[in-house]
Amino acid sequence: MEKLLDSLNDVQRAAVQFCDGPSLVIAGAGSGKTRVLTYKIAYLLEQGLPPYYILALTFTNKASREMKSRIAELVGEKRARRLWMGTFHSIFSRILRSEAEAIGFQSNFTIFDTSDSNNLIRLIIKELKLDDKLYRPAGVHGQISRAKNSLITPKMYAANAEILDYDRMSRRPRIFEIYERYQNRLRAANSMDFDDLLVYTNILFRDHPDVLEKYRNQFQYILVDEYQDTNFAQHLIVKQLADAHHRVCVVGDDAQSIYSFRGANIDNILKFKSNYPETQIFKLEQNYRSTQNIVNAANSLIKKNTEQIAKDVFSENEEGEKIEVIQAFSDFEEGLIVANKIARMRLEQHPSYGDFAILYRTNAQSRIFEEALRKKNIPYRIYGGLSFYQRKEIKDIISYFRLIVNRSDEDAFRRIVNYPARGIGDVTVGKISSSAQLHGVSLWKVLSEPLAYNLEVNSGTAKKLTGFYELMSRFMEQNEQLNAYELAQLVVKESGIAKEAYDDMTPEGMSRAQNVQELLSAINEFVDTRLEEGEENLKLVDFLSEVSLLTDQDTDQGSDDEKVTLMTIHSAKGLEFEHVFVVGLEEDLFPSSMAKNEMRGLEEERRLFYVAVTRAKKTCTITWAKSRFRNGQTNMCRQSRFLTDMDERFLSVDGNLEAGSDSSPVAGGFWETMRQERVQSNGASYTPPSRREYADSKKRSSVQSSSSMPLSKEAVGLREGQVIEHERFGRGVVTAIEMDGSNRRAFVDFESAGRKQLLLKFAKFKIVEE
DNA sequence: TAACACTTGTTTTTT
DNA sequence: ACAAGTGTTA
């Protein structure tokens with residue numbers, strides 16, 4: 001341990017060793033925050049505190065997994081595993097499951113994700129016969145979510161004049177009714193949405209002092225990472241748990257608070273000390289990550305914000321290159337410039353592709369970079385977009401699981417009662433639903449005793465319903481014996497999903513089939529790894545409770561891959577790269593048009609930009625485009641105000657930084673011709689493709705391999721003419737490669753299996769011949 | 001009831 | 001441009 005402490009600087013060490021009271025660690029970007037947290041936990045363990053007395057809360061699953069493995073390196077796997085470490089949502093869902101009865105739930109409650117919530121809200125809006133133009137599910141859900149994050153119950157909501165005024169002003173005065181119904185429906189379905197996990201934890205602690213006492217005693221030391229991103233509900237949970245002993249350490253950086261849209265309240269960190277007057281504050285100000293230039297540029301940027309904790313982040317690394325600011329003529333050219341620069345840097349120095357990251361404000365920007373990179377044969381990996389578990393076919397299967405585990409789950413019921421199609425349509429479901437509402441029971445209950453609830457359907461429909469009922473009942477019975485994987489297999493087979501998926505030979509169908517397969521493997525892996533860790537034979541309910549809190553951020557992490565990383569700035573938080581490109585620095589994009597009107601919003605955008613720049617270790621390049629194709633139109637753009645927020649001493653700008661005056665939108669047709677005629681030179685000149693070619697390149701761009709690239713699951717280097725060996729289909733020649741949304745697919749003539757289309761994301765094969 | 005064409009909103013970020 | 005939701009037709 002001594003040696004361990006020696007590797008820390010003075011402040012870090014002091015922060016690690018201070019364990020007797022509340023502490024606030026203000027951790028500037030790149031200042032070794034995670035290091036302090038992990039060492040601190042190791043230190044606590046070393047002092048003799050048992051691991052299960054330590055509660056460590058993180059913001060993402062990924063962060064907690066990483067920290068866990070780093071702690072395991074320090075103190076051994078065995079002890080690390082017994083820590084209570086995870087996201088707020090996962091830790092408290094675990095606690096809620098074991099205390100479920102206290103708050104009137106069953107421990108197998110379902111967790112709704114955002115789209116589940118939106119669906120339910122849509123349904124309620126319909127039932128209330130409200131205008132769905134005004135009451136858009138996502139908007140209403142946002143409002144409800146905000147209320148929940150502030151621990152405002154439906155009753156409080158309905159009694160709060162200020163909120164009601166606000167709703168009336170936005171011409172949606174009946175949100176309070178929707179909220180109440182929504183909450184009742186969730187409860188009736190033994191379900192919680194994400195926010196409920198925090199709300200009910202608070203209620204649990206508030207109404208059950210004995211339970212609170214138990215966890216207070218258990219969690220002798222509490223650590224919270226990314227404290228600047230906590231919302232009121234989270235803050236209060238921590239406060240309640242820490243109130244007795246005050247042994248709580250929160251770590252964060254107010255300058256990196258970027259989640260207020262989700263209810264994060266920067267005041268939590270700004271006012272931590274007033275909650276605990278005896279708080280010790282540690283400021284980690286030395287940045288070990290970036291060059292001086294990057295740190296200085298970032299500092300000059302963040303200085304423009306008003307609300308913040310004073311700190312002086314500095315770097316003792318080399319001075320480094322200035323931040324290059326490049327203006328592109330169009331979004332298309334922006335992609336080319338970045339791809340070219342990556343290629344050039346690869347030649348001149350020798351960085352691995354994994355050292356590069358392209359960071360953007362919105363996911364929609366990724367595509368243009370994908371295309372540019374693909375043209376240059378640069379391998380890349382995209383994070384974000386729709387997650388595996390959001391795909392329809394996956395959600396459908398999961399819904400089977402949900403209904404098996406929790407028969408009150410109305411949403412799941414609706415989803416699968418006619419999937420695969422078994423002739424039970426909207427009318428029938430409507431009948432079941434109104435009968436269920438009339439009698440105050442679940443849909444499943446009505447289905448199980450149709451006569452008792454006066455369900456009137458014709459005999460044909462009745463037969464179909466019985467069929468579905470028996471099918472599900474069998475699953476429910478089997479669930480007692482079989483483990484998650486065995487049952488999942490059974491469900492896929494017997495429900496007819498397997499048949500439907502594998503019979504469908506369209507490319508979409510094949511991809512669906514592969515997704516189903518992928519899900520089964522995931523479940524298998526889940527059961528296997530848990531088995532290895534010595535846990536019981538896992539049931540479907542265990543898988544479900546884990547999977548509902550999983551996001552695409554967590555699925556495939558092979559970060560040291562030889563691939564350029566493309567992601568939003570939000571998902572880049574906490575990461576670092578040698579060479580970072582921050583792209584799309586234009587007004588109304590970054591800062592987003594949504595945020596620019598309010599001071600707070602604008603400052604948050606600025607912090608977001610700060611986060612982006614400080615991801616870079618060696619070089620940072622910023623680009624913007626004078627025109628951009630968005631929502632089916634090409635628009636002229638003005639350069640972002642953030643560019644002039646930075647001290648130019650740390651920048652190297654091509655052209656001038658004062659934005660041009662052209663801000664009027666330009667019609668697409670006009671712009672297309674411009675595109676063809678104009679050749680912009682930034683060292684790299686190019687001839688814009690004709691409209692036709694451009695469209696083609698989207699659909700049918702062929703990918704060539706660079707031989708040094710290791711063949712991964714995604715088979716980045718696959719190109720036409722190669723011979724591959726496929727797991728199921730054997731040998732075949734690649735005849736073409738196409739893009740299909742975010743998926744690439746290859747057309748292959750197999751020697752024995754004939755012509756097939758493979759989704760490269762999932763296909764398992766080797767390249768045998770060039 | 002299912003398949004299909006049509007209309008509409010969407011694009012800020014995610015546990 | 002695109003996906004998702006809605007309404008219309010077979």
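Lettering of chains follows the sequences in order, A, B, ..., and the numbering in each one begins at 1.
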- request: Under 4.0 Å between any heavy atoms, over every strand shown, what does A/Ser90 touch: base, sugar-phosphate, or nothing? Just pick one.
  value: nothing
message: Only pairs with both distances under 3.5 Å count, Watson-Crick or wobble alike; so what is the partner of C/dC2 in this structure?
response: B/dG9
task: Measure from the side-chain heavy atoms of A/Lys126 and tell me the nearest of C/dT6, B/dT12, B/dT15.
output: C/dT6
- prompt: B/dT15, C/dT6, B/dT13: which one has an atom nearest the side-chain heavy atoms of A/Thr60?
  reply: B/dT15
message: Measure CZ/A/Arg600 against C1'/B/dT12 and give the value in whole Å, please.
response: 17 Å
statement: By nearest-nucleotide position on DNA chain B, the 5'-leaning member of A/Phe88 and A/Lys464 is A/Lys464
Protein-nucleotide distance (A/Arg146, atom CZ; B/dT15, atom C1'), rounded to Å: 17 Å
- request: Using a 4.0 Å heavy-atom cut-off across all strands, classify A/Thr428 as base, sugar-phosphate, or nothing.
  value: sugar-phosphate
Given B/dT14, B/dT15, B/dT12, the nucleotide with the shortest approach to the side chain of A/Thr114: B/dT15
OP1 or OP2 of C/dG5 under 4.0 Å from side-chain N/O of A/Arg122: yes
field: Out of C/dC2, B/dT12, B/dT15, whichever nucleotide has its closest atom nearest the side chain of A/Ser592
entry: B/dT12
task: Identify whether any heavy atom of A/Arg136 sits under 4.0 Å from a base atom; if not, whether one sits that close to sugar-phosphate; answer base, sugar-phosphate or nothing.
output: sugar-phosphate
- prompt: Closer than 4.0 Å, any side-chain N/O of A/Asn363 to the OP1 or OP2 of B/dT13?
  reply: yes
- prompt: Which is true for A/Phe59 with a 4.0 Å heavy-atom rule: it touches a base, it touches only sugar-phosphate, or it touches nothing?
  reply: sugar-phosphate
message: Need to verify one output field. Residue with the more 5' nearest nucleotide on DNA chain B, A/His89 or A/Arg422?
response: A/Arg422
task: Select base, sugar-phosphate, or nothing to describe what A/Glu604 touches, counting heavy atoms under 4.0 Å on all strands.
output: nothing
message: Let's test your reading of the model: under 3.5 Å, does the base of B/dT13 pair with the side chain of A/Arg361 as donor and acceptor?
response: yes
- prompt: Between A/Val429 and A/Ile424, what is the shortest heavy-atom contact and its length?
  reply: CG2-CG2, 4.3 Å
query: Parallel, tilted or perpendicular: which describes the rings of A/Phe543 and A/Phe401, with under 30° parallel and over 60° perpendicular?
result: perpendicular
task: Nearest whole angstrom, please: distance from the P of B/dT15 to the CZ of A/Phe92.
output: 18 Å
task: Considering just the side-chain nitrogens and oxygens of A/Arg367, establish if one lies under 4.0 Å of OP1 or OP2 belonging to C/dC2.
output: yes
field: Atom-to-atom span, CG of A/Asp588 to P of B/dT11 - whole angstrom
entry: 16 Å
field: Salt bridge flag under 4.0 Å for residues A/Glu226 and A/Lys33
entry: yes
- prompt: A/Asn418 near the nucleic acid: base, sugar-phosphate alone, or nothing, with a heavy-atom cut-off under 4.0 Å?
  reply: sugar-phosphate
- request: Give one of base, sugar-phosphate or nothing for A/Ala421, where a contact means two heavy atoms less than 4.0 Å apart.
  value: sugar-phosphate
message: Just the rounded figure in Å: distance from P of B/dT13 to CG of A/Asn231.
response: 19 Å
query: Expressed in angstrom and rounded to an integer, what is the separation of A/Asn635 atom CG from B/dT11 atom P?
result: 17 Å
- request: Round to a whole Å and report the spacing from NZ of A/Lys392 to C1' of C/dA3.
  value: 14 Å
task: May I ask you to say what A/Lys133 touches in the nucleic acid, namely base, sugar-phosphate or nothing, with a heavy-atom cut-off under 4.0 Å?
output: sugar-phosphate
task: Report which part of the nucleic acid A/Tyr259 touches: base, sugar-phosphate, or nothing (heavy-atom distance under 4.0 Å, all strands).
output: sugar-phosphate
message: Expressed as a whole number of angstroms, how long is the span from A/Asn61:CG to B/dT14:C1'?
response: 12 Å
Salt bridge (Lys or Arg N to Asp or Glu O under 4.0 Å) partner of A/Glu586, the single match among A/Arg628, A/Arg638, A/Arg361: A/Arg628
message: Please evaluate residues A/Lys148 and A/Gln183 with respect to the criterion side chain to side chain donor-acceptor pair (under 3.5 Å), reporting the C-alpha separation (whole Å), side-chain torsions for both, the decisive distance (0.1 Å), and the verdict.
response: CA-CA 11 Å; A/Lys148 286 186 176 183; A/Gln183 214 52 8; 3.0 Å; yes
message: Is the ring pair A/Phe261/A/Tyr259 parallel, tilted or perpendicular, if the boundaries are 30 and 60 degrees?
response: tilted
message: Ignoring hydrogens, what is the shortest heavy-atom contact between A/Ala328 and A/Glu333? Give both atom names and the distance.
response: CA-OE1, 3.2 Å
